[in-house]
Q: 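The structure is given below, and queries will be raised subsequently.
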Amino acid sequence: MKGKLILPYIMLNMLSGVGSAVMFWMSGFDPIWIGTFFATFTMPFFLMVLSQAFNIARTSKNLPVIQIINLSALAWVIYQISARGGFTAASEYVAIGLALFGAITMQWYIHIFSNYGRKPSAAIVKGKVLPELPLQRLDGTSTTSASFAGEKTLLVFFRANWCPFCMNQLKEVKAKADQLAKAGVKVKFISNQGTKNSEKLARDLNLPAHFEIFQDNDLAAAKALGIEDLGGAPSGMPGYPIDTVKATVIALDEDGKVIFGDETDNYRIRPHPDTFLHVFEQRGSVRAFSAA
């Protein structure tokens, strides 16, 4: 259900912000429309522009800066109406309505949409071997996680190319390619987004030889781990499945045992590579494990 609402949320707030800018000009620069602009436009601008322009892979849980801008904008609209002795024109009802819409949908996005509501996976346990995960290489050949035995492996389950936080997370991991190669780590990016989408991603990232992208058909691997997110993809994404995965990072030693796991409960919060790369340094140096 949430996936069906996120694009309308973004587009309605974006259009409300643009409309507010137009009204600011048409009204002879009535300052009330400054408030409606920042109450509605700030969040979609962050999600669609800033997160990609600045390669943002993680945020704070409650986005305090954006919330301050949003709520201050709502307060500004209320102040403007109060300073005028109440409503003096029909357009002011529109202004307060848009500002309230921006504030309410902001809270929905932060506290409801962003959270998976997940429980820790019973399969991702430090010191235990994962269940065998069926996967497919981009050349169409089938394999399983059993083929990873004998090498240190980093598994990154990501949602799809449409997710800016996922793409920036993968870029961060790739930036550590030399360090991972020196530690003898093979990196596996895993998604159910479809082979063509993953082939495009492989070209865009220009992955080195010790990186590989796998297709998780029907989310079989994700379901084996209990990290599937059914219906979690935004609607209106042609060429992508509606079901996706909860962002997850797992590190395995040469025996296939889990030495690190991050099961974030918020799709905007991803572990920085520096928080887990040390687990590959030497056998027995396991010091990190995070499960929301």
Q: Output the distance between atom OG1 (T248) and atom CG (L225), rounded to the nearest 0.5 Å.
A: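 Reported to 0.5 Å precision, the distance equals 7.5 Å.
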
Q: Taking I112 as the starting point, is it possible to reach L63 by hopping between hydrophobic residues whose side chains are less than 4.5 Å apart?
A: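 Yes, it is one cluster - the side chains of L63 and I112 are joined through contacts under 4.5 Å.
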
Q: Please step through side chain to side chain contact (heavy atoms under 4.5 Å, CB included) for the pair F148 and T143, ending with a clear verdict.
A: CA-CA 10 Å; F148 306 156; T143 187; 5.6 Å; no

Q: Got a sec, which pairs hit side-chain hydrogen bond (donor to acceptor under 3.5 Å, both in side chains) with one end in residues 85-94, sequence neighbours left out?
A: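 Checked against side-chain hydrogen bond (donor to acceptor under 3.5 Å, both in side chains) - neighbours excluded - the pairs reaching residues 85-94 are R84-E92, T88-E92.
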
Q: Please lay out, stage by stage, how N70 and M43 fare under the test side chain to side chain contact (heavy atoms under 4.5 Å, CB included).
A: CA-CA 8 Å; N70 177 269; M43 178 56 81; over 6 Å; no

Q: With side chain to side chain contact (heavy atoms under 4.5 Å, CB included) as the criterion, how do I227 and I124 come out once you've worked through the C-alpha distance, each side chain's angles and the decisive distance to 0.1 Å?
A: CA-CA 10 Å; I227 61 172; I124 306 172; 4.2 Å; yes

Q: Drop me the distance from L230's CG to K223's NZ, to the nearest 0.5 angstrom.
A: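 Reported value, rounded in 0.5 Å steps: 6.0 Å.
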
Q: Count the heavy atoms belonging to other residues, nucleotides or ligands that lie under 6.0 Å from CH2 of W108, then report whether that count exceeds 12.
A: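 Enclosed.
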
Q: What heavy-atom pair brings S147 and R137 nearest, and what distance separates the two atoms?
A: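 That closest heavy-atom pairing would be OG-NH2, 4.3 Å.
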
Q: Examine the side chains of R268 and S114 and answer whether a donor and an acceptor come within less than 3.5 Å of each other.
A: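 A pair is found: one side chain offers a donor N or O, the other an acceptor, under 3.5 Å apart.
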
Q: Counting distance only, does the side-chain N/O of D139 pair as donor-acceptor with the main-chain N or O of T141 below 3.5 Å?
A: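 The answer is yes, because a donor-acceptor pair under 3.5 Å joins these two groups.
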
Q: Report the distance from atom CG of L277 to atom CG of L180, rounding to the nearest 0.5 Å.
A: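 Nearest 0.5 Å value for the CG-CG distance: 5.0 Å.
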
Q: Measuring from L133:CG to L135:CG, what's the distance to the nearest 0.5 Å?
A: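 Separation between the atoms: 6.0 Å.
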
Q: What is the ring orientation for F41 with F37, classed by angle as parallel under 30°, tilted 30 to 60°, or perpendicular over 60°?
A: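 If you compare the ring of F41 with that of F37, the planes turn out parallel.
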
Q: Determine whether V129 and I250 fall in the same hydrophobic cluster, where Ile, Leu, Val, Met, Phe, Trp and Tyr are linked whenever their side-chain heavy atoms lie under 4.5 Å apart.
A: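 Result: no, two separate clusters.
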
Q: L50 and Y267: same hydrophobic cluster, using ILVMFWY side-chain contacts below 4.5 Å?
A: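 The answer is yes; both residues are in one hydrophobic cluster.
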
Q: Same cluster or not: F45 versus I66, using hydrophobic residues (I, L, V, M, F, W, Y) connected whenever any side-chain heavy atoms lie under 4.5 Å apart?
A: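 Same cluster: F45 reaches I66 through Ile, Leu, Val, Met, Phe, Trp or Tyr contacts under 4.5 Å.
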
Q: Has the side chain of H210 got a donor or acceptor atom that lies under 3.5 Å from a matching backbone atom of A177?
A: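 Such a contact is found between H210 side chain and A177 backbone.
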
Q: Under 4.5 Å between side-chain heavy atoms, hopping through other hydrophobics if needed: is there a path connecting I269 to V249?
A: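 Different hydrophobic clusters.
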
Q: Got a donor-acceptor contact below 3.5 angstrom from the D30 side chain to the F24 backbone?
A: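 Answer holds: no.
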
Q: How about F54: does its CZ atom have over 12 heavy atoms from other parts shown lying under 6.0 Å from it?
A: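 At most 12 heavy atoms, drawn from other residues, nucleotides or ligands, come within 6.0 Å of this atom.
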
Q: Would you say that more than 12 heavy atoms from the other residues, nucleotides or ligands in this model lie under 6.0 Å from the OH of Y79, or not?
A: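 Counting other residues, nucleotides and ligands, OH of Y79 stays at 12 neighbours or fewer.
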
Q: With sequence neighbours left out, write down each residue that passes side-chain hydrogen bond (donor to acceptor under 3.5 Å, both in side chains) with D178, or none if nothing qualifies.
A: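 Here no residue qualifies.
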
Q: Could you pull out the closest heavy-atom pair between V279 and A251, with the gap in Å?
A: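 Closest pair (atom of V279, atom of A251, distance): CG2-CB, 4.1 Å.
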
Q: Side chains of L155 and L130, heavy atoms from C-beta outward: is any pair under 4.5 Å?
A: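 Result yes, sub-4.5 Å side-chain heavy-atom pair found.
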
Q: Kindly state whether the ring of F214 and the ring of F189 have centres lying under 6.0 angstrom apart.
A: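 No, they do not, as the ring centres are separated by 6.0 Å or more.
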
Q: Show every side-chain hydrogen bond (donor to acceptor under 3.5 Å, both in side chains) that has at least one partner inside residues 127-136, sequence neighbours left out.
A: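 Listed by first then second residue: E132-T144, Q136-N217.
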
Q: Has W76 got a side-chain atom pairing as donor or acceptor with A39's backbone, closer than 3.5 angstrom?
A: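 No; judged by distance alone, with no hydrogens or angles, the pair does not exist.
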
Q: Once salt bridge (Lys or Arg N to Asp or Glu O under 4.0 Å) is applied, do any residues pair with D204, and if so which ones, sequence neighbours excluded?
A: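 Checked D204 against salt bridge (Lys or Arg N to Asp or Glu O under 4.0 Å); matches are K200.
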
Q: Using atom types as modelled and distance alone, determine if a side-chain donor or acceptor of D218 lies under 3.5 Å from a backbone N or O of A220.
A: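 Pair absent, no side-chain N/O of D218 close to backbone of A220.
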
Q: For the side-chain contact (heavy atoms from CB on, under 4.5 Å) test, which of V245, N161, D216 pairs with Q193?
A: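 Result for side-chain contact (heavy atoms from CB on, under 4.5 Å) with Q193: N161.
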
Q: With rounding to the nearest 0.5 angstrom, report the OG1 to CG distance, T40 to L98.
A: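 Those atoms lie 6.5 Å apart.
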
Q: Would you say the side chain of V173 lies within less than 4.5 Å of the side chain of V187, judging by non-hydrogen atoms?
A: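 Result yes, sub-4.5 Å side-chain heavy-atom pair found.
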
Q: Are any of the side-chain nitrogens in K186 or E212 under 4.0 Å away from the carboxylate oxygens of its partner?
A: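 Answer for the salt bridge query: no.
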
Q: Holding to side chain to side chain contact (heavy atoms under 4.5 Å, CB included), I want the full list of residues that pass it with I69, two or more places apart in sequence or in another chain.
A: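 Testing I69 for side chain to side chain contact (heavy atoms under 4.5 Å, CB included), a comparison that skips the adjacent residues, returns F38, T42, V65.
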
Q: Shortest non-hydrogen contact from F280 to L154?
A: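 The answer is CZ-CB, 4.1 Å.
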
Q: Per the side chain to side chain donor-acceptor pair (under 3.5 Å) rule, which among H272, R58, R270 passes with Q169?
A: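 Of all the options given, the one that passes is R270.
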
Q: Between A73 and G35, which heavy-atom pair has the shortest distance, and what is it?
A: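 Smallest heavy-atom distance, with atoms named: CB-O, 3.1 Å.
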
Q: Is there a side-chain contact between E263 and K246 (heavy atoms, below 4.5 Å)?
A: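 Contact flag for E263/K246 side chains = no.
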
Q: So which heavy atom on A99 is nearest to which on V77, and how close?
A: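 Reported closest heavy-atom pair: CB-CG2, 4.0 Å.
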
Q: Between the side chains of D274 and K176, is the shortest nitrogen-to-carboxylate-oxygen separation below 4.0 Å, so that they form an ion pair?
A: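 D274 and K176: salt-bridged.
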
Q: So which heavy atom on C166 is nearest to which on A160, and how close?
A: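 In this case the closest contact between C166 and A160 is CB-O, 4.1 Å.
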
Q: Anything under 3.5 Å between a donor and an acceptor, one on a side chain of residues 5-22, the other on a protein residue two or more places apart or in another chain? List them.
A:
{"from": "N13", "atom 1": "ND2", "to": "Y9", "atom 2": "O", "distance (Å)": "2.9"}
{"from": "N13", "atom 1": "ND2", "to": "T105", "atom 2": "OG1", "distance (Å)": "3.3"}
{"from": "S16", "atom 1": "OG", "to": "L12", "atom 2": "O", "distance (Å)": "2.7"}
{"from": "S20", "atom 1": "OG", "to": "S16", "atom 2": "O", "distance (Å)": "2.8"}
{"from": "S20", "atom 1": "OG", "to": "T36", "atom 2": "OG1", "distance (Å)": "2.8"}

Q: Determine whether a donor-acceptor pair (N or O, by modelled atom type, separation under 3.5 Å) exists between the side chain of R118 and the backbone of T264.
A: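 Yes, because the side chain of R118 sits within donor-acceptor range (under 3.5 Å) of the backbone of T264.
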
Q: Using a 6.0 Å cut-off, check whether atom CG of N55 has over 12 heavy atoms from anything other than its own residue.
A: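 Above 12, so yes.
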
Q: Please report the interatomic distance CD1(I56) to CZ(F165), rounded to the nearest 0.5 Å.
A: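 The CD1 atom of I56 sits 6.5 Å away from the CZ atom of F165.
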
Q: Tell me, do L252 and V258 make a side-chain contact under 4.5 Å, heavy atoms counted?
A: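 Counting from C-beta outward, L252 and V258 do come under 4.5 Å.
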
Q: With a 4.5 Å cut-off on side-chain heavy atoms, are I78 and I96 touching?
A: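 A side-chain contact under 4.5 Å exists here.
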
Q: How are the rings of W162 and Y240 set relative to one another: parallel (under 30°), tilted (30 to 60°) or perpendicular (over 60°)?
A: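 Geometry flag for Y240 against W162: perpendicular rings.
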
Q: Evaluate side chain to side chain contact (heavy atoms under 4.5 Å, CB included) for F46 paired with T59, printing each intermediate quantity in order.
A: CA-CA 11 Å; F46 169 75; T59 70; 3.7 Å; yes

